[in-house]
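Here's the structure we're looking at; comments come further down.
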Amino acid sequence: MKVLETGRITRIQEIRPGIFSLWASAPEICSLAVPGQFVHVRIKDQFLPLLRRPLSIGRVEENQLELVWRVVGEGTRLLGQLGAGDDIDLLGPLGHGFTIPDDAEQFLLIGGGLGMPPMVYLYNHLTMRGRKATLFLGVRGRDDIPLSDDDPILSQARIVAENGEGFRKGLVTEPVNELLDELATKSTLTNTALYSCGPWGLIGALQRTIPQQSLLLTEVSLEQQMGCGIGVCQGCAVEAEGGPTPYRLVCSDGPVFDLFSVEVPGAK
Amino acid sequence: MQSKLHVNLGSLSFESPIVAASGCYGYGIEYKDVADPRHLGGFVTKSISLTRWKGNPPPRLTEVGHGLINSIGLANMGVEEFVNEVAPQFPALQTRKIVSVACKVMEEYEEVVARLEDAEGIDGYELNISCPNVKEGGMAFSQNPAVTEELVRRVRKRTNRWIMAKLTPNVADVAPGAKAAEAGGADALSLINTVVGMAVDWKSRRPRIATVTGGYSGPPIKPIALAKVWQAYNAVSVPIVGMGGITTWSDVVEFMIVGASAVQVGTALYAVPGLPEKLNKELLNYLDQEGIKYLSELVGSLKTDRAASVGVPS
């Protein structure tokens, strides 16, 4: 079930240089959404930019949802110019969310840069239900962290920065694999579900380092240029197994796919 | 009483001149949760081929200012699945249902239409002979008037249903192709399909879609579309369905003034699925304000005498 709903912005903030967070009141979408889904955002009642912008749903708290984005072009720039009290046109919730197996005992969540918001949504969803989740965040440096300095999630996430900058220095796949090794010695890997959202580089690194067969579930949420958001235009194809053709649509087949079913562009 | 927005396209009548364009409305069932199809005069499905087509590799689309370049490659489920899974849902949809057909060779158009004849609830066909994004067939059909005529003639023999031929703008003059489609037995013509376009990322020196060139759509192509519709209108007597960059009620009015009997909205639906309802309301308001009884009175009413064709200062 998807709806068109006018979202009233209640808070909007530039949390890092060029990275924005907004909270909008959207009761219908909030009541329908599950972690991993996205909304297709029309910023203003005009056709420049022409298309909507697909944004992962970040946190959902009661009737409000959070969207986090980096300014990369005209649409994201205009979105950042809106203020509290302004309305945005939301189509959602769209796509399939993450699978949450009843028999999973451990959940590993790995956000890469701007891929973090849906991981935070999933993390809150799991921990509120008493499930044991570990949240990782990989960034280049402090300026890439899509969370504000006073965000309580910051202290709960294991942050790894390529530049160090006061965080563990390196790649986020390193502590992830350390934890997986630890779980393997306790023979609990088969009860572990792993989720990720981030750039193709992170997805490729996970494919190369994660012991595929040992885990209960491995899922990744993808991003792609998108037209309609509901499977009509077929514009957001990615190379992935599991459908009747070599391509699957991020908007309607995804955005969540099995980690090992997707073909990282340029990997072959 | 007939609606003020009612239009006739030959033997087929539409309650509104607003038709959803092929490729922008899926198979006709995807949008019904968020926008009531009754506000549409009709819709044209995504093009159906003889077998399932996987489409082109990603990336398949890129936004360019006000416009969009796409190269989907006619990815579709094929006629068998369409007849078995989708078409049975058509009778419940209260709007005109036009099925678009796209194939690699003429014989396949005949085969696909013959198979579609088995399905109820289809009001007509749009022959897509103008896709710029496939290696075989595609716009090559529409760029060759002799081929256009033979293809339409062959399909005409297979069906009594209404047929519309969709023409390419990627020719010097659309008139010969328009006349050919009419001679072949088309009930209506639709134009324009997308304009061949390209976008480049100057940093990486790579094309922004995988097939290098694609089809350009959206508001920037409206002036091209108006010119092509006007040329076709002066060449044929069958009704014309105009499209290309329509986003407002005045765009619709302009297309009708240059000769379109109805219009299709395409790319704009991705942003505003409810656009047809809005356009209908605004068109009714326009008719009231101008004291025009029926929207169809506008068709081909362009004034070309010198005295009237003054430039608009800006």
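Predicted, not measured: the structure shown is a model, and the values here were computed from it.
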Ring geometry between B:F90 and B:F82 (parallel below 30°, tilted from 30 to 60°, perpendicular above 60°):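 Geometry flag for B:F90 against B:F82: perpendicular rings.
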Among the listed options B:I209, B:T267, B:N56, B:V64, the residue most often paired with chain A at heavy-atom distances under 4.5 Å: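 Maximum pair count with chain A is reached by B:N56.
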Most chain A-contacting option - heavy-atom pairs closer than 4.5 Å, from B:L269, B:T247, B:D33: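 Most heavy-atom pairs under 4.5 Å with chain A: B:T247.
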Ion pair check, A:K2 and B:E30, cut-off under 4.0 Å: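 Salt bridge between A:K2 and B:E30, a charged N being under 4.0 Å from a carboxylate O: no.
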Test: B:R115 and B:E111 ion pair at under 4.0 Å: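 No, B:R115 and B:E111 are not salt-bridged.
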A:Q225, part contacting chain B, at a heavy-atom distance under 4.5 Å: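 It is both, since atoms from each part get that close.
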A:F47 portion near chain B, given a 4.5 angstrom heavy-atom threshold: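 Contact with chain B involves both backbone and side-chain atoms of A:F47.
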Part of [X] within contact of chain A (heavy atom distance under 4.5 Å):
X	value
B:L68	both
B:P57	both
B:A35	neither
B:N76	neither

Pick from A:M226, A:R53, A:E239 with the largest number of heavy-atom pairs that fall under 4.5 Å of chain B: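 Most pairs with chain B among the choices: A:R53.
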When A:L4, A:T245, A:D45, A:L51 are compared by non-hydrogen pairs under 4.5 Å with chain B, the top option: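 Highest number of pairs under 4.5 Å: A:L51.
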Any donor-acceptor N/O pair, B:R60 side chain to B:S71 backbone, under 3.5 Å: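 No: the side chain of B:R60 does not pair with the backbone of B:S71.
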Ring-face cation of A:R42 near B:Y270 (centre distance under 6.0 Å, axis angle within 45°):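 That pair does not qualify as a cation-pi contact.
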A:Q207 vs A:L259 side-chain heavy atoms within contact, under 4.5 Å: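 Result yes, sub-4.5 Å side-chain heavy-atom pair found.
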A:Q64, CD: over 12 other non-hydrogen atoms inside 6.0 angstrom: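 Yes, because the 6.0 Å sphere around CD of A:Q64 holds more than 12 heavy atoms from other groups.
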